[in-house]
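Let me begin by presenting the structure, written as structure tokens, before commenting on it.
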Amino acid sequence: VAGGVKGGGGGGGGVKGDTRSLERPPGAQNLIKMLYRFALALVALPAVVSFGLAPRSSFMGSKVGGPSISSPLPTSSSPMTMMPIGVPKVAYRVPGAQQADWVDIYNRLYRERIIFLAQEIDDEIANQIIGVLLYLDSEDSTKPIYLYINSPGGSVISGLALFDTMQHIKSEVVTINVGLAASMGSFILAAGAKGKRMALPNSRVMVHQPMGGAQGQAEDIKVEAAQIMKIRDNLVKTYSMMTGQTTEQVLLDLDRDNFMSAEEAKEYGLIDQVIELTS
């Protein structure tokens, strides 16, 4: 029979020949039906495994102001899930959710009022930490906020913005040096609440005067140089207030890179106590 194939043949128009040769045998039809039902069952299953890499700064991302946590781990009725690869993640379940979801560990920690400054200080990280500080302070200003520092320093202006916010909020900010607090990192470390500035025994602190550069017309360079000197004087004055050292002593100590151990930083007044490690 010549002409287009119609009905269950499904071969498309314009195919010529004997239609009996295009009919599927009964066994093949049953196999197709079984595979189709199996595919539908797979689609209906909930996705229980997720894999992905979180960006470096995701721990201060869009989770600010999110729902509160009712249970940090999946319940016994929830299906077993696997932790995604990449930034360490933990499972938590929001109220009303059927099962736990994965969130990177930094987002989970800030819900416990723990923040990490673990990179070079720039506008982005400073703005993110400032946002979290303001949110946590508005949520409950009677509880302290813990800021863990392991930073080589960075932008002075960004660091001063973070410093001003720490002094502005009502919540006490407890600072802990867990590695290296250098340059503006040491400034933020010393800016914590008095009596609650801490460091681990093997951590180090480094202080020095601000660095900068300028190019262009002579008058523009002169203006930039004057601004750097004003910033230096401001930092010296603030270091003196936070440590109890005289401005003359601070100015002398900031002249070159000045490294200190945790105990030396305590004696200098940058921190208040060295955390004793239990064996």
Side-chain angles (χ1 to χ4, degrees), residues 115 117-127 129-130 133 145 147-169 171-200 203-216 218-274:
I115 306 173
L117 173 56
Q119 66 182 74
E120 182 178 343
I121 301 173
D122 55 19
D123 290 340
E124 181 180 1
I125 189 63
N127 290 337
I129 295 180
I130 287 171
L133 288 173
I145 300 172
L147 178 59
Y148 286 79
I149 302 172
N150 184 17
S151 172
S155 169
V156 174
I157 302 302
S158 300
L160 289 174
L162 180 54
F163 168 81
D164 287 340
T165 305
M166 293 169 62
Q167 310 308 312
H168 165 69
I169 61 177
S171 300
E172 288 186 330
V173 180
V174 180
T175 54
I176 305 102
N177 182 13
V178 295
L180 173 66
S183 190
M184 283 307 293
S186 67
F187 190 82
I188 299 300
L189 174 65
K194 284 295 182 68
K196 298 182 179 179
R197 304 171 300 175
M198 307 177 226
L200 293 178
S203 62
R204 300 189 67 79
V205 178
M206 190 271 283
V207 295
H208 63 185
Q209 61 180 317
M211 296 181 295
Q215 61 181 4
E219 286 299 321
D220 294 334
I221 296 175
K222 182 179 179 180
V223 170
E224 290 293 334
Q227 288 300 313
I228 293 177
M229 296 304 295
K230 287 183 179 180
I231 291 174
R232 187 198 67 171
D233 294 341
N234 184 26
L235 293 178
V236 168
K237 180 182 177 181
T238 309
Y239 266 122
S240 176
M241 293 173 56
M242 295 187 298
T243 62
Q245 303 286 339
T246 64
T247 55
E248 292 79 9
Q249 183 63 45
V250 173
L251 188 61
L252 179 64
D253 295 332
L254 265 61
D255 188 53
R256 291 291 183 267
D257 291 353
N258 190 353
F259 286 88
M260 306 180 195
S261 65
E263 289 292 343
E264 291 171 340
K266 178 182 177 181
E267 294 175 3
Y268 194 82
L270 290 169
I271 61 173
D272 301 303
Q273 56 180 302
V274 178

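All figures in this text were calculated on a predicted structure; none of them were measured in a lab.
For the pair I121 and S158, the tightest heavy-atom approach, listed with the atom from each and the gap, is CG2-CB, 4.0 Å. In terms of heavy-atom proximity, N150 sits nearest to L180 at OD1-N, 3.0 Å. Shortest non-hydrogen contact noted between D272 and A193 is OD2-O, 3.9 Å. A pairwise comparison of heavy atoms in S183 and P152 identifies CB-O, 4.0 Å as the closest pair. Closest heavy-atom contact between H208 and R256: CB-O, 3.9 Å. A181 and S186 get closest at one heavy-atom pair: O-CB, 3.4 Å.
Atom-to-atom distance recorded for T175:OG1 and I188:CD1 is 9.5 Å, nearest 0.5 angstrom. One distance of note links OG1 of T247 with CG of L252; it measures 11.5 Å at 0.5 Å rounding. A distance of 6.5 Å separates CG of L117 from CD1 of I125, quoted to the nearest 0.5 Å. The distance from atom NZ of K196 to atom CG of L147, rounded to the nearest 0.5 Å, is 14.5 Å. The CG atom of D164 lies 12.0 Å from the CD1 atom of I169; values are rounded to the nearest 0.5 Å.
Using bins of under 30°, 30° to 60° and over 60° for the plane-to-plane angle, the ring pair Y239/F187 lands in the perpendicular bin.
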Query raised in the report: Could you go step by step and tell me if Q273 and R197 meet the side-chain contact (heavy atoms from CB on, under 4.5 Å) rule?
Result: CA-CA 7 Å; Q273 56 180 302; R197 304 171 300 175; over 6 Å; no

Report task. Any chance you could lay out the side-chain contact (heavy atoms from CB on, under 4.5 Å) test for I129 and T165, step after step, and finish with the verdict? Result -> CA-CA 10 Å; I129 295 180; T165 305; over 6 Å; no

**Report entry** I145 and M166: CA distance, side-chain angles, deciding distance, side-chain contact (heavy atoms from CB on, under 4.5 Å) verdict
**Finding:** CA-CA 10 Å; I145 300 172; M166 293 169 62; over 6 Å; no

Requested in this report: For D123 and I157, run side-chain contact (heavy atoms from CB on, under 4.5 Å): C-alpha distance rounded to whole Å, both residues' side-chain angles, the deciding distance at 0.1 Å, then the answer.
Outcome: CA-CA 8 Å; D123 290 340; I157 302 302; 5.7 Å; no

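The salt bridge (Lys or Arg N to Asp or Glu O under 4.0 Å) check on K237 picks up nothing, with sequence neighbours excluded.
A donor-acceptor contact shorter than 3.5 Å links the side chain of N177 to the backbone of R204. S151 contributes a side-chain N or O that, together with a main-chain N or O of Q119, makes up a donor-acceptor pair within less than 3.5 Å. For the pair S240 (side chain) and Q245 (backbone), a donor-acceptor distance under 3.5 Å is present. N258 places no side-chain N or O within donor-acceptor distance of the main-chain N or O of M206, the cut-off being under 3.5 Å.
Atom CD of Q167 is surrounded by more than 12 heavy atoms from other residues, nucleotides or ligands within 6.0 Å.
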Do any side-chain atoms of residues 260-270 form donor-acceptor pairs under 3.5 angstrom with protein atoms, and if so which ones, sequence neighbours left out?
{"from": "S261", "atom 1": "OG", "to": "E264", "atom 2": "N", "distance (Å)": "3.3"}
{"from": "E264", "atom 1": "OE1", "to": "S261", "atom 2": "N", "distance (Å)": "2.9"}
{"from": "Y268", "atom 1": "OH", "to": "D253", "atom 2": "OD2", "distance (Å)": "2.6"}

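Here side-chain hydrogen bond (donor to acceptor under 3.5 Å, both in side chains) pairs that include residues 223-236, with residues two or more places apart or in two chains, number zero.
In this structure, D255 and Q209 have side chains that are in contact, with non-hydrogen atoms separated by less than 4.5 Å.
Side-chain atoms of S155 and D122 include no donor-acceptor pair closer than 3.5 Å.
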